[in-house]
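When a ligand or atom number is given, it counts from 1 through the structure's own listing order.
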Amino acid sequence: MENPDSNLALNPKRAHNNPLMLKRIGLITSGGDSPGMNPAIRSIVRTGVNLGIEVVGIQNGYQGIFDREFMPLGVMEVSGRIRDAGTILSTSRCLQFKEEKHQIEAIEILKKENIQALIVLGGDGSLSGAAALSKLGFRVFGIPCSIDNDLSGTEISIGVDSCLNTIVHLIDMIKATAASHNRCFVVEVMGRNHGYLALMSAIASGSQIAVIPEFRYDMDQIVENLTRRRLRRHNNSVVVVAEGACSGQEFMDRLKKAGGEKLQQEVRLTVLGHLQRGSAPSFADRFLASRMGEFAVLALNQGEHGSMVGLLRNRMNLTDLNEIKDHRPPLPADAIRLARNLGMEIGVPSET
Ligand code: ADP
Ligand code: F6P
(Lines give C-alpha, C1' and ligand atoms only; values in the text may rest on other atoms or scores of the structure.)
(Ligands and ions follow the chains in the order given, each with its own letter.)
Protein backbone atom coordinates (compact mmCIF):
# COMPACT_ATOMS: atom_id res chain seq x y z
CA MET A 1 0.00 0.00 0.00
CA GLU A 2 1.18 3.51 -0.72
CA ASN A 3 2.49 5.45 2.24
CA PRO A 4 -0.10 8.06 3.22
CA ASP A 5 2.58 10.27 4.71
CA SER A 6 6.31 10.10 4.20
CA ASN A 7 6.93 9.72 7.94
CA LEU A 8 4.77 6.59 8.01
CA ALA A 9 7.43 4.78 5.97
CA LEU A 10 8.34 1.67 7.93
CA ASN A 11 11.37 2.37 10.02
CA PRO A 12 13.81 -0.55 9.77
CA LYS A 13 15.25 0.40 13.16
CA ARG A 14 11.95 -0.48 14.83
CA ALA A 15 12.34 -4.21 15.34
CA HIS A 16 8.61 -4.79 15.63
CA ASN A 17 7.77 -3.24 12.26
CA ASN A 18 6.45 -6.54 11.11
CA PRO A 19 3.33 -6.29 8.97
CA LEU A 20 0.61 -8.86 9.53
CA MET A 21 -2.68 -9.36 7.75
CA LEU A 22 -4.94 -7.22 9.90
CA LYS A 23 -8.47 -8.57 10.04
CA ARG A 24 -9.91 -7.39 13.35
CA ILE A 25 -8.88 -4.53 15.62
CA GLY A 26 -10.26 -3.27 18.93
CA LEU A 27 -10.89 0.32 19.91
CA ILE A 28 -11.36 1.91 23.34
CA THR A 29 -11.84 5.40 24.71
CA SER A 30 -10.40 5.75 28.21
CA GLY A 31 -9.92 8.37 30.95
CA GLY A 32 -11.52 11.81 30.69
CA ASP A 33 -13.65 12.23 27.56
CA SER A 34 -12.65 14.95 25.12
CA PRO A 35 -14.55 16.57 22.25
CA GLY A 36 -13.33 14.86 19.09
CA MET A 37 -13.32 11.29 20.36
CA ASN A 38 -16.39 10.53 18.23
CA PRO A 39 -14.94 11.92 14.97
CA ALA A 40 -11.82 9.81 15.69
CA ILE A 41 -13.94 6.67 16.23
CA ARG A 42 -15.82 7.41 13.01
CA SER A 43 -12.61 7.85 11.06
CA ILE A 44 -11.12 4.60 12.42
CA VAL A 45 -14.28 2.68 11.54
CA ARG A 46 -14.63 4.16 8.04
CA THR A 47 -10.93 3.65 7.24
CA GLY A 48 -11.17 0.08 8.58
CA VAL A 49 -14.21 -0.62 6.39
CA ASN A 50 -12.35 0.78 3.41
CA LEU A 51 -9.39 -1.55 4.03
CA GLY A 52 -11.53 -4.58 4.88
CA ILE A 53 -10.56 -4.53 8.59
CA GLU A 54 -13.26 -5.22 11.15
CA VAL A 55 -13.34 -2.66 13.99
CA VAL A 56 -14.68 -3.73 17.37
CA GLY A 57 -15.57 -1.02 19.87
CA ILE A 58 -14.96 -1.91 23.51
CA GLN A 59 -17.20 -0.02 25.91
CA ASN A 60 -16.19 1.79 29.13
CA GLY A 61 -12.44 1.97 28.61
CA TYR A 62 -10.21 -0.84 29.85
CA GLN A 63 -13.03 -2.02 32.15
CA GLY A 64 -15.00 -3.12 29.06
CA ILE A 65 -12.34 -5.72 28.21
CA PHE A 66 -12.93 -7.52 31.54
CA ASP A 67 -16.70 -7.10 31.21
CA ARG A 68 -16.51 -8.35 27.60
CA GLU A 69 -18.41 -5.38 26.26
CA PHE A 70 -17.48 -5.82 22.61
CA MET A 71 -19.48 -4.09 19.93
CA PRO A 72 -18.65 -4.45 16.21
CA LEU A 73 -18.76 -1.02 14.58
CA GLY A 74 -19.80 -0.39 11.00
CA VAL A 75 -20.59 2.72 9.02
CA MET A 76 -24.14 2.87 10.40
CA GLU A 77 -22.97 2.82 14.04
CA VAL A 78 -20.87 5.94 13.49
CA SER A 79 -23.25 7.69 11.14
CA GLY A 80 -23.96 11.28 12.20
CA ARG A 81 -21.57 11.07 15.17
CA ILE A 82 -18.97 13.47 13.80
CA ARG A 83 -20.76 16.38 15.48
CA ASP A 84 -21.34 14.74 18.87
CA ALA A 85 -19.53 15.58 22.10
CA GLY A 86 -18.30 12.82 24.42
CA THR A 87 -17.71 9.27 23.25
CA ILE A 88 -20.26 6.81 21.93
CA LEU A 89 -18.15 4.00 23.44
CA SER A 90 -18.34 5.52 26.96
CA THR A 91 -15.23 5.81 29.04
CA SER A 92 -14.15 4.98 32.55
CA ARG A 93 -11.29 4.89 34.99
CA CYS A 94 -10.32 1.27 35.58
CA LEU A 95 -7.88 1.13 38.49
CA GLN A 96 -7.24 -2.62 38.35
CA PHE A 97 -5.75 -2.18 34.90
CA LYS A 98 -2.67 -0.62 36.50
CA GLU A 99 -1.67 -4.08 37.77
CA GLU A 100 0.30 -6.34 35.44
CA LYS A 101 -1.71 -9.47 36.24
CA HIS A 102 -4.84 -7.70 34.97
CA GLN A 103 -3.03 -6.45 31.88
CA ILE A 104 -2.06 -10.06 31.09
CA GLU A 105 -5.65 -11.14 31.66
CA ALA A 106 -6.85 -8.37 29.30
CA ILE A 107 -4.49 -9.58 26.55
CA GLU A 108 -5.81 -13.13 26.93
CA ILE A 109 -9.39 -11.89 26.56
CA LEU A 110 -8.49 -9.78 23.51
CA LYS A 111 -6.78 -12.75 21.88
CA LYS A 112 -9.79 -14.98 22.55
CA GLU A 113 -11.89 -12.37 20.75
CA ASN A 114 -9.47 -12.59 17.79
CA ILE A 115 -8.54 -8.95 18.28
CA GLN A 116 -5.08 -8.54 16.75
CA ALA A 117 -4.41 -4.95 17.79
CA LEU A 118 -5.95 -2.28 20.00
CA ILE A 119 -6.30 1.44 19.36
CA VAL A 120 -6.44 3.46 22.59
CA LEU A 121 -7.93 6.95 22.61
CA GLY A 122 -7.11 8.80 25.83
CA GLY A 123 -4.79 10.94 27.90
CA ASP A 124 -1.50 10.22 29.63
CA GLY A 125 -2.95 7.61 32.02
CA SER A 126 -4.69 5.69 29.25
CA LEU A 127 -1.60 5.78 27.07
CA SER A 128 0.50 4.47 30.00
CA GLY A 129 -1.92 1.54 29.97
CA ALA A 130 -1.33 1.17 26.23
CA ALA A 131 2.46 1.23 26.80
CA ALA A 132 2.07 -1.54 29.38
CA LEU A 133 0.15 -3.73 26.91
CA SER A 134 2.78 -3.09 24.28
CA LYS A 135 5.55 -4.10 26.69
CA LEU A 136 3.70 -7.37 27.24
CA GLY A 137 3.80 -8.02 23.49
CA PHE A 138 0.34 -6.91 22.37
CA ARG A 139 -0.02 -4.62 19.35
CA VAL A 140 -1.37 -1.23 20.46
CA PHE A 141 -1.57 2.21 18.95
CA GLY A 142 -2.35 5.46 20.79
CA ILE A 143 -4.33 8.54 19.81
CA PRO A 144 -3.89 11.58 22.09
CA CYS A 145 -7.27 12.68 23.45
CA SER A 146 -7.10 15.04 26.41
CA ILE A 147 -8.34 18.56 26.95
CA ASP A 148 -5.31 19.19 29.21
CA ASN A 149 -2.80 19.13 26.30
CA ASP A 150 -0.28 17.52 28.59
CA LEU A 151 1.03 14.83 26.23
CA SER A 152 4.43 14.93 24.60
CA GLY A 153 4.78 13.73 21.01
CA THR A 154 2.08 16.06 19.74
CA GLU A 155 1.69 19.81 19.65
CA ILE A 156 -2.00 19.44 20.33
CA SER A 157 -4.28 16.67 21.54
CA ILE A 158 -7.82 16.00 20.38
CA GLY A 159 -10.29 18.06 22.43
CA VAL A 160 -8.06 20.98 23.34
CA ASP A 161 -9.34 23.37 20.67
CA SER A 162 -13.03 22.72 21.43
CA CYS A 163 -12.40 23.06 25.16
CA LEU A 164 -10.55 26.37 24.72
CA ASN A 165 -13.35 27.69 22.53
CA THR A 166 -15.81 26.84 25.31
CA ILE A 167 -13.71 28.45 28.04
CA VAL A 168 -13.18 31.64 26.02
CA HIS A 169 -16.88 31.82 25.22
CA LEU A 170 -17.79 31.41 28.90
CA ILE A 171 -15.23 34.00 30.05
CA ASP A 172 -16.63 36.46 27.48
CA MET A 173 -20.01 35.97 29.13
CA ILE A 174 -18.56 36.38 32.62
CA LYS A 175 -16.84 39.59 31.53
CA ALA A 176 -20.14 41.05 30.34
CA THR A 177 -21.77 40.71 33.74
CA ALA A 178 -18.52 41.56 35.59
CA ALA A 179 -18.31 44.85 33.68
CA SER A 180 -21.92 45.72 34.53
CA HIS A 181 -21.21 45.28 38.23
CA ASN A 182 -17.60 46.47 38.41
CA ARG A 183 -16.52 43.10 39.71
CA CYS A 184 -13.45 40.96 39.66
CA PHE A 185 -14.00 37.29 38.77
CA VAL A 186 -11.85 34.32 39.61
CA VAL A 187 -12.50 31.62 37.00
CA GLU A 188 -11.32 28.09 37.76
CA VAL A 189 -10.53 26.00 34.69
CA MET A 190 -9.47 22.35 34.29
CA GLY A 191 -5.91 21.11 33.86
CA ARG A 192 -5.03 18.42 36.35
CA ASN A 193 -1.28 19.12 36.41
CA HIS A 194 -0.84 21.46 33.50
CA GLY A 195 -1.45 25.20 33.02
CA TYR A 196 -1.99 25.05 29.25
CA LEU A 197 -5.76 25.63 29.30
CA ALA A 198 -5.47 28.49 31.81
CA LEU A 199 -2.63 30.20 29.96
CA MET A 200 -4.14 29.92 26.48
CA SER A 201 -7.69 30.81 27.51
CA ALA A 202 -6.46 33.79 29.52
CA ILE A 203 -4.58 35.08 26.47
CA ALA A 204 -7.52 34.61 24.11
CA SER A 205 -10.14 36.03 26.49
CA GLY A 206 -8.08 39.11 27.36
CA SER A 207 -7.95 38.13 31.02
CA GLN A 208 -5.56 39.95 33.33
CA ILE A 209 -3.98 37.17 35.36
CA ALA A 210 -3.34 33.44 34.89
CA VAL A 211 -2.47 31.25 37.85
CA ILE A 212 -0.78 28.07 36.61
CA PRO A 213 0.92 25.15 38.38
CA GLU A 214 4.22 25.64 36.54
CA PHE A 215 4.65 29.22 37.84
CA ARG A 216 4.80 30.86 41.28
CA TYR A 217 2.63 33.89 41.84
CA ASP A 218 3.06 36.81 44.16
CA MET A 219 -0.30 37.61 45.79
CA ASP A 220 0.76 41.12 46.82
CA GLN A 221 1.59 41.87 43.22
CA ILE A 222 -1.79 40.51 42.11
CA VAL A 223 -3.57 42.76 44.64
CA GLU A 224 -1.49 45.68 43.37
CA ASN A 225 -2.41 44.87 39.77
CA LEU A 226 -6.16 44.60 40.51
CA THR A 227 -6.12 47.81 42.60
CA ARG A 228 -4.33 49.69 39.83
CA ARG A 229 -6.96 48.53 37.34
CA ARG A 230 -9.79 49.67 39.60
CA LEU A 231 -8.17 53.10 40.05
CA ARG A 232 -7.78 53.40 36.27
CA ARG A 233 -11.53 52.76 36.03
CA HIS A 234 -11.38 49.36 34.31
CA ASN A 235 -14.82 47.99 35.02
CA ASN A 236 -13.85 44.33 35.34
CA SER A 237 -10.91 42.02 35.93
CA VAL A 238 -10.60 38.29 35.39
CA VAL A 239 -8.14 35.92 37.04
CA VAL A 240 -8.00 32.47 35.39
CA VAL A 241 -6.89 29.80 37.85
CA ALA A 242 -5.82 26.33 36.71
CA GLU A 243 -7.19 23.66 39.05
CA GLY A 244 -3.70 22.13 39.07
CA ALA A 245 -2.33 25.26 40.79
CA CYS A 246 -5.02 25.45 43.48
CA SER A 247 -8.79 25.48 43.65
CA GLY A 248 -10.57 28.68 42.71
CA GLN A 249 -11.98 28.87 46.25
CA GLU A 250 -8.51 28.57 47.78
CA PHE A 251 -7.27 31.35 45.52
CA MET A 252 -10.27 33.56 46.43
CA ASP A 253 -9.60 33.07 50.13
CA ARG A 254 -5.94 34.01 49.76
CA LEU A 255 -6.80 36.99 47.56
CA LYS A 256 -9.34 38.33 50.05
CA LYS A 257 -6.93 37.83 52.94
CA ALA A 258 -4.05 39.60 51.16
CA GLY A 259 -6.24 42.28 49.56
CA GLY A 260 -8.29 43.23 52.63
CA GLU A 261 -9.50 46.84 52.51
CA LYS A 262 -7.18 47.69 49.63
CA LEU A 263 -9.07 45.66 47.04
CA GLN A 264 -12.33 47.62 47.43
CA GLN A 265 -13.96 45.49 44.79
CA GLU A 266 -16.33 42.59 44.97
CA VAL A 267 -14.62 39.34 43.96
CA ARG A 268 -16.72 36.42 42.72
CA LEU A 269 -15.84 32.87 41.79
CA THR A 270 -17.00 30.76 38.84
CA VAL A 271 -15.87 27.15 38.53
CA LEU A 272 -16.35 26.12 34.89
CA GLY A 273 -16.10 22.40 35.71
CA HIS A 274 -17.28 19.76 33.28
CA LEU A 275 -18.94 22.30 30.98
CA GLN A 276 -15.45 22.61 29.53
CA ARG A 277 -15.48 19.05 28.22
CA GLY A 278 -19.00 18.90 26.88
CA SER A 279 -19.07 20.96 23.70
CA ALA A 280 -19.52 19.59 20.21
CA PRO A 281 -16.11 19.18 18.58
CA SER A 282 -14.83 22.28 16.77
CA PHE A 283 -13.76 22.19 13.13
CA ALA A 284 -10.12 21.89 14.23
CA ASP A 285 -10.90 18.89 16.46
CA ARG A 286 -13.07 17.16 13.85
CA PHE A 287 -10.32 17.51 11.27
CA LEU A 288 -7.50 16.51 13.62
CA ALA A 289 -9.46 13.51 14.94
CA SER A 290 -10.32 12.39 11.41
CA ARG A 291 -6.67 12.61 10.37
CA MET A 292 -5.39 10.81 13.46
CA GLY A 293 -8.02 8.07 13.26
CA GLU A 294 -7.22 7.37 9.61
CA PHE A 295 -3.49 7.45 10.32
CA ALA A 296 -3.80 4.98 13.22
CA VAL A 297 -5.44 2.35 11.01
CA LEU A 298 -3.02 2.89 8.13
CA ALA A 299 -0.03 2.70 10.48
CA LEU A 300 -1.24 -0.51 12.18
CA ASN A 301 -1.96 -2.00 8.80
CA GLN A 302 1.61 -1.29 7.76
CA GLY A 303 2.99 -3.09 10.80
CA GLU A 304 3.54 -0.10 13.09
CA HIS A 305 2.60 -0.48 16.77
CA GLY A 306 3.70 0.52 20.26
CA SER A 307 3.44 4.14 19.22
CA MET A 308 1.17 7.19 19.31
CA VAL A 309 0.22 9.48 16.47
CA GLY A 310 0.89 13.17 17.04
CA LEU A 311 0.68 16.45 15.17
CA LEU A 312 4.03 18.14 14.63
CA ARG A 313 4.32 21.08 12.24
CA ASN A 314 0.98 20.12 10.73
CA ARG A 315 2.15 16.61 9.86
CA MET A 316 1.24 13.29 11.38
CA ASN A 317 4.09 11.95 13.45
CA LEU A 318 4.89 8.76 15.38
CA THR A 319 6.29 8.63 18.92
CA ASP A 320 7.10 5.51 20.94
CA LEU A 321 4.54 5.08 23.75
CA ASN A 322 7.37 4.67 26.25
CA GLU A 323 8.67 8.14 25.43
CA ILE A 324 5.28 9.70 26.14
CA LYS A 325 4.84 8.14 29.54
CA ASP A 326 5.98 10.39 32.40
CA HIS A 327 7.14 13.09 30.03
CA ARG A 328 5.03 16.21 30.25
CA PRO A 329 5.70 18.87 27.59
CA PRO A 330 6.68 22.35 28.80
CA LEU A 331 4.31 25.25 28.24
CA PRO A 332 5.01 26.87 24.85
CA ALA A 333 7.66 29.56 25.41
CA ASP A 334 6.17 31.84 22.75
CA ALA A 335 2.78 31.79 24.52
CA ILE A 336 4.47 32.79 27.80
CA ARG A 337 6.26 35.66 26.05
CA LEU A 338 3.05 36.67 24.29
CA ALA A 339 1.12 36.71 27.57
CA ARG A 340 3.73 38.99 29.15
CA ASN A 341 3.88 41.31 26.12
CA LEU A 342 0.11 41.63 26.26
CA GLY A 343 0.40 42.80 29.85
CA MET A 344 -0.90 39.62 31.46
CA GLU A 345 0.44 38.60 34.84
CA ILE A 346 1.54 34.95 35.03
CA GLY A 347 4.19 34.89 37.76
CA VAL A 348 7.61 33.30 37.40
CA PRO A 349 8.65 29.68 36.74
CA SER A 350 8.46 27.68 39.98
CA GLU A 351 12.01 26.33 39.77
CA THR A 352 13.61 29.83 39.68
P1 ADP B 1 -6.39 10.02 31.20
O2 ADP B 1 -6.15 8.93 30.23
O3 ADP B 1 -7.44 10.98 30.76
O4 ADP B 1 -5.10 10.68 31.65
P5 ADP B 1 -6.46 8.58 33.77
O6 ADP B 1 -5.13 9.09 34.21
O7 ADP B 1 -7.53 8.58 34.80
O8 ADP B 1 -7.05 9.38 32.53
O9 ADP B 1 -6.25 7.11 33.24
C10 ADP B 1 -7.33 6.40 32.63
C11 ADP B 1 -7.15 4.92 32.82
O12 ADP B 1 -5.93 4.48 32.23
C13 ADP B 1 -7.00 4.46 34.28
O14 ADP B 1 -8.23 4.36 34.94
C15 ADP B 1 -6.38 3.09 34.07
O16 ADP B 1 -7.32 2.17 33.60
C17 ADP B 1 -5.39 3.38 32.94
N18 ADP B 1 -4.07 3.74 33.49
C19 ADP B 1 -3.70 4.92 34.04
N20 ADP B 1 -2.41 4.90 34.43
C21 ADP B 1 -1.95 3.66 34.15
C22 ADP B 1 -0.70 2.99 34.32
N23 ADP B 1 0.34 3.60 34.87
N24 ADP B 1 -0.61 1.70 33.90
C25 ADP B 1 -1.66 1.07 33.34
N26 ADP B 1 -2.86 1.65 33.14
C27 ADP B 1 -3.02 2.92 33.54
O1 F6P C 1 -7.57 14.86 32.30
C2 F6P C 1 -8.65 15.59 31.83
C3 F6P C 1 -9.43 16.18 32.95
O4 F6P C 1 -10.48 16.84 32.32
C5 F6P C 1 -8.67 17.09 33.91
O6 F6P C 1 -8.48 18.37 33.39
C7 F6P C 1 -9.58 17.07 35.10
O8 F6P C 1 -8.89 17.33 36.28
C9 F6P C 1 -10.09 15.68 35.13
O10 F6P C 1 -10.03 15.20 33.79
C11 F6P C 1 -11.48 15.58 35.65
O12 F6P C 1 -11.88 14.28 35.61
P13 F6P C 1 -13.30 13.72 36.09
O14 F6P C 1 -14.11 13.50 34.88
O15 F6P C 1 -12.95 12.44 36.77
O16 F6P C 1 -13.89 14.73 37.01
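Ligand 1 lies under 4.0 Å from heavy atoms of Ser30, Gly31, Gly32, Tyr62, Arg93, Cys94, Phe97, Lys98, Gln103, Gly123, Asp124, Gly125, Ser126, Ser128, Gly129, Arg192.
Taking the six-membered ring where tryptophan is involved, the planes of Phe295 and Phe141 are tilted, since the angle between them lies from 30° to 60°.
Side chain to side chain, Thr29 and Thr87 meet the donor-acceptor criterion of an N or O pair below 3.5 Å. The closest side-chain donor-acceptor pair between His194 and Glu214 falls under 3.5 angstrom.
Note on Leu127: it clusters hydrophobically with Ile107, by side-chain heavy-atom contacts below 4.5 Å among ILVMFWY residues. Taken together through direct or relayed side-chain contacts under 4.5 Å among Ile, Leu, Val, Met, Phe, Trp and Tyr, Val187 and Ile203 form part of one hydrophobic cluster. At a threshold of 4.5 Å between side-chain heavy atoms, the hydrophobic network of Ile, Leu, Val, Met, Phe, Trp and Tyr places Tyr217 and Val238 in two separate groups.
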Criterion side-chain contact (heavy atoms from CB on, under 4.5 Å) on His234 and Gln208, from CA distance to verdict: CA-CA 11 Å; His234 286 287; Gln208 282 64 54; over 6 Å; no
List the steps and the verdict of side-chain hydrogen bond (donor to acceptor under 3.5 Å, both in side chains) for Ser307 and Asp320. CA-CA 4 Å; Ser307 44; Asp320 197 298; over 6 Å; no
Should Arg268 and Glu266 be marked as a salt bridge (charged side-chain N to carboxylate O under 4.0 Å, His left out) after you check the CA-CA gap, both sets of side-chain angles, and the distance that decides it? CA-CA 7 Å; Arg268 290 289 187 94; Glu266 196 180 351; 2.9 Å; yes
Between ligand 2 and the protein, tabulate every N or O atom pair separated by less than 3.5 Å, reporting distance only.
{"residue": "ligand 2", "atom": "1 (O)", "partner": "Asp148", "partner atom": "OD2", "Å": "3.1"}
{"residue": "ligand 2", "atom": "1 (O)", "partner": "Arg192", "partner atom": "NH2", "Å": "3.4"}
{"residue": "ligand 2", "atom": "4 (O)", "partner": "Arg277", "partner atom": "NH1", "Å": "2.8"}
{"residue": "ligand 2", "atom": "6 (O)", "partner": "Asp148", "partner atom": "OD1", "Å": "2.6"}
{"residue": "ligand 2", "atom": "6 (O)", "partner": "Asp148", "partner atom": "OD2", "Å": "3.3"}
{"residue": "ligand 2", "atom": "6 (O)", "partner": "Gly191", "partner atom": "N", "Å": "3.2"}
{"residue": "ligand 2", "atom": "6 (O)", "partner": "Glu243", "partner atom": "OE2", "Å": "3.3"}
{"residue": "ligand 2", "atom": "8 (O)", "partner": "Glu243", "partner atom": "OE2", "Å": "2.4"}
{"residue": "ligand 2", "atom": "10 (O)", "partner": "Arg277", "partner atom": "NH1", "Å": "3.0"}
{"residue": "ligand 2", "atom": "12 (O)", "partner": "Arg277", "partner atom": "NH1", "Å": "3.4"}
{"residue": "ligand 2", "atom": "14 (O)", "partner": "His274", "partner atom": "NE2", "Å": "3.3"}
{"residue": "ligand 2", "atom": "14 (O)", "partner": "Arg277", "partner atom": "NH1", "Å": "3.3"}
{"residue": "ligand 2", "atom": "14 (O)", "partner": "Arg277", "partner atom": "NH2", "Å": "2.6"}
{"residue": "ligand 2", "atom": "15 (O)", "partner": "Arg93", "partner atom": "NH1", "Å": "2.6"}
{"residue": "ligand 2", "atom": "16 (O)", "partner": "His274", "partner atom": "NE2", "Å": "2.8"}

